[in-house]
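One structure is given here, and the rest of the page talks about it.
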Amino acid sequence: MITKSVIKLTILPLIVWFTIIAYLNLKHPDQQWNWDEIDTEKMFFPKNFIWGTSTAAHQVEGNNTNNNWYEWENSLNQNGKSNIHNNDKSGEAARHWDMYRDDIALMNELGVNAYRFSVEWSKIIPEEGLIDEKALDHYRDVCIALIDSGLTPFITLHHFTNPTWFEQLGGFEKEENIDHFIEFSEIVFNHLSDIVQYWCTINEPAVYVSQGYFYGVFPPGKKDPKLAGTVMRNLLFAHIKAFHHLKRLENGEIAQIGLVKNITQFDPLRRWHILDWYFSKILNDIFTNSTIDLFLNGKFNFYLPGMVNITDSNTNAIGSADFIGLNYYSRWHVKGHLNPTAPFTFEKRKQDIQTDMPYSIYPEGFYKALNDINKLNIPIIVTENGIADYKDDRRETFINRYLYALHKSINEGLDIQGYFYWSLMDNFEWAEGYSMKFGLYEVDFNTQKRKLRNGSLAFKRVINRAGVDERGYIVSVGDTAPNLSLELIDNTTIQLSDYLGKVVVLQFTASWCSVCIREMPHLEKDVWQEFKNDDFILIGIDRDEPIEVVKAFKKKTGVTYPIALDPGAKHFSKFAHINAGITRNIVIDKNGKIVFLTRLFDEKEFQKMIEKIKEII
């Protein structure tokens, strides 16, 4: 017979289980946007936005034969097989060392304005204490070529590779070796900081640690959680020390120095299973949250239950970055197991669009990562984001959706200053060899010919659109006003160019705009009636309304200046982002130059506009 106490003992754990699961699902929903309802064509980015592409020295330069990755490529694992997929070797890679000028031309063809690349430590200091000045001069030549081509160089000091001699000393497994990295950073900084403003110290410490010390697929190929925690601490502390050291050098005050942090979310595969949630939290804490916490409060913690628990503090971490570089690709789905030797695995979901790498397209995660890293309250630069897509049948979708997530984040107020696509061209993709095709440009590694992929055109289209300012304008004071063919409501057509020699004010308006209605009597009285006989014309342009509505609107407001139609906002969109607010005035001088721009009806700005009109008349 089942007693009440037995029933209670059975039901109570289930209630607790479901309560916890319900709370976790409410607090951490699985964000999924309806892409059928999102128009990714209507994305405009700030005028001063940094658009770039990224590479890393070992992956593209060629002939890097004196670092830990060269040794790794030319050795076998415990099963007697190559450490690299297909037994690939980096070899000549994309010969970027020799072909950098050709590749800069490709960047110009794309329309980017910046380039992030790494300097190879093992070429600059091939032996402990020996500096290769020719290698330093080479990187200076690269920077000068970039600047001469209108591109801003972003230098990464450490992107996964260590000189062989540094690796033999124990690399970042030993705290005392950090000073070797500081010395290297100073040498490069002193040689280039007069022409390079942006510096990334260390690329993706969490990837360096997870791949090299948990899974053993990067050098040194170890699987040691305690050592992983030590290396993570030393990498982060190396950044902190390098930041403060470089800031004290000449040009340090004007240099912008940051860490590159990757974020990969770990989400539960089964949102009803407590183990999936538990291990997801542990992994997110280790690889993302602990780093953010270090830079917010100076506390370091690396904890895996039953494996490792390292704590430390470094108050110099607080404020030790001018910007944070964010690398984001996707997320992993975690499945927990009651198995102490393999407590969790990563698994795919059938409903997701997969990339060629073992993860899916997940732009919502990019949006979440941007908001998570924003906790640091410093400018964000997206230093890597891209897709491996051999068939080139998902690249356009990836670009449009991830840039939408970026656009949405900026519009919601995040201080995101730039975006670098990974990668400019196909490269040696570390343990995957040459099998993963991340490049905007396809590379034939037999001929070294580069070819822009069709899917990459989506990136080119977005970055070459006119940028917008904080008020939605795509034009600026000093620009030549575009010519317009305006159809007035009296059925006459005028050309804006016919008014060269006169001062012109264009007022964008609409009958449904309450602010416009409030502004129009002031335009009539203080602008049109005041200046209409002094080589001056004021033209209202009504956005996207039929002629009958506009005629009634003009009668209602009592204005006497001419009003033109703007079907489809074709005129408006030559001055401002098509989705920007309507109320705005554009003042154009007698030479056709824009001299003043207003937004909304601000009385002080309105008076300044009147003073500007008086000045130029």
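Not measured: the values here are computed from a predicted model.
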Query raised in the report: Salt bridge between Asp356 and Arg394, side-chain N to carboxylate O under 4.0 Å?
Result: yes
Requested in this report: Would you check if the side chain of Asp544 reaches a backbone N or O of Gly568 as a donor-acceptor pair within less than 3.5 Å?
Outcome: yes
Requested in this report: Could you walk me through whether Glu603 and Lys608 pass salt bridge (Lys or Arg N to Asp or Glu O under 4.0 Å), step by step?
Outcome: CA-CA 9 Å; Glu603 291 187 13; Lys608 287 181 180 179; over 6 Å; no
**Report entry** Salt bridge Asp352-Lys348, side-chain N to carboxylate O under 4.0 Å
**Finding:** no
Query raised in the report: Who are the ring-ring contact (aromatic ring centres under 6.0 Å, His included) partners of Phe536, not counting sequence neighbours?
Result: Phe531
Requested in this report: Would you please name every residue forming a side chain to side chain contact (heavy atoms under 4.5 Å, CB included) with Ile474, sequence neighbours left out?
Outcome: Ala466, Val468
Report summary line: Contacts satisfying salt bridge (charged side-chain N to carboxylate O under 4.0 Å, His left out) that involve residues 402-411 (not counting sequence neighbours) are Lys408-Glu412
Query raised in the report: Which residues pass the side chain to side chain contact (heavy atoms under 4.5 Å, CB included) test with Thr598, sequence neighbours left out?
Result: Asn585, Phe596, Glu605, Met609
Query raised in the report: Which pairs, with at least one residue in residues 435-448 and sequence neighbours excluded, count as a salt bridge (charged side-chain N to carboxylate O under 4.0 Å, His left out)?
Result: none
Report summary line: Residues pairing under salt bridge (charged side-chain N to carboxylate O under 4.0 Å, His left out) where one sits in residues 557-578, two or more places apart or in two chains, turn out to be none
Query raised in the report: Will you find, in the side chains of Asn203 and Asn327, an N or O donor that is under 3.5 Å from an N or O acceptor?
Result: yes
Query raised in the report: Can you name the ring-ring contact (aromatic ring centres under 6.0 Å, His included) partners of Phe553, sequence neighbours left out?
Result: none
Query raised in the report: By side chain to side chain contact (heavy atoms under 4.5 Å, CB included), which residues pair with Asp490, not counting sequence neighbours?
Result: Leu488, Thr492
Requested in this report: Not counting sequence neighbours, which residues clear ring-ring contact (aromatic ring centres under 6.0 Å, His included) with Tyr402? List them please.
Outcome: Phe366, Phe398
Report task. Identify, with sequence neighbours excluded, every residue that meets ring-ring contact (aromatic ring centres under 6.0 Å, His included) alongside Phe445. Result -> Tyr434
Query - Between Thr560 and Trp528: side-chain donor-acceptor atoms closer than 3.5 Å - result: yes
Report task. Scan for side-chain hydrogen bond (donor to acceptor under 3.5 Å, both in side chains) pairs involving residues 502-517, sequence neighbours excluded, and state none if there are none. Result -> Gln507-Tyr561, Ser511-Glu545
Mind listing the side-chain donor-acceptor pairs of residues 140-153 below 3.5 Å, one per line with the distance, residues two or more places apart or on another chain?
| from | atom 1 | to | atom 2 | distance (Å) |
| --- | --- | --- | --- | --- |
| Arg140 | NH1 | His191 | O | 2.7 |
| Arg140 | NH1 | Asp194 | OD1 | 3.0 |
| Arg140 | NH2 | Asp194 | OD2 | 2.7 |
| Ser149 | OG | Ala145 | O | 3.0 |

Query raised in the report: Any Lys/Arg nitrogen of Glu548 or Lys551 sitting under 4.0 Å from an Asp/Glu carboxylate oxygen of the other?
Result: no
Query - Distance-only polar pair, side chains of Asp103 and His96, donor-acceptor under 3.5 Å - result: yes
Requested in this report: Kindly indicate, with the supporting measurements, whether the criterion side chain to side chain contact (heavy atoms under 4.5 Å, CB included) is fulfilled by Ile588 and Lys593.
Outcome: CA-CA 5 Å; Ile588 303 167; Lys593 297 285 188 181; 5.9 Å; no
Query - Asp30 bridged to Arg349 by N-O distance under 4.0 Å - result: yes
Query raised in the report: Are Arg584 and Tyr473 in a cation-pi contact, defined as NZ or CZ under 6.0 Å from the six-membered ring centre and within 45° of the axis?
Result: yes
Requested in this report: May I ask you to check if Arg450 and Tyr441 form a cation-pi contact, with NZ or CZ under 6.0 angstrom from the six-membered ring centre and within 45° of the axis?
Outcome: no
Query raised in the report: Is Glu470 salt-bridged to Lys47, cutoff N-O under 4.0 Å?
Result: no
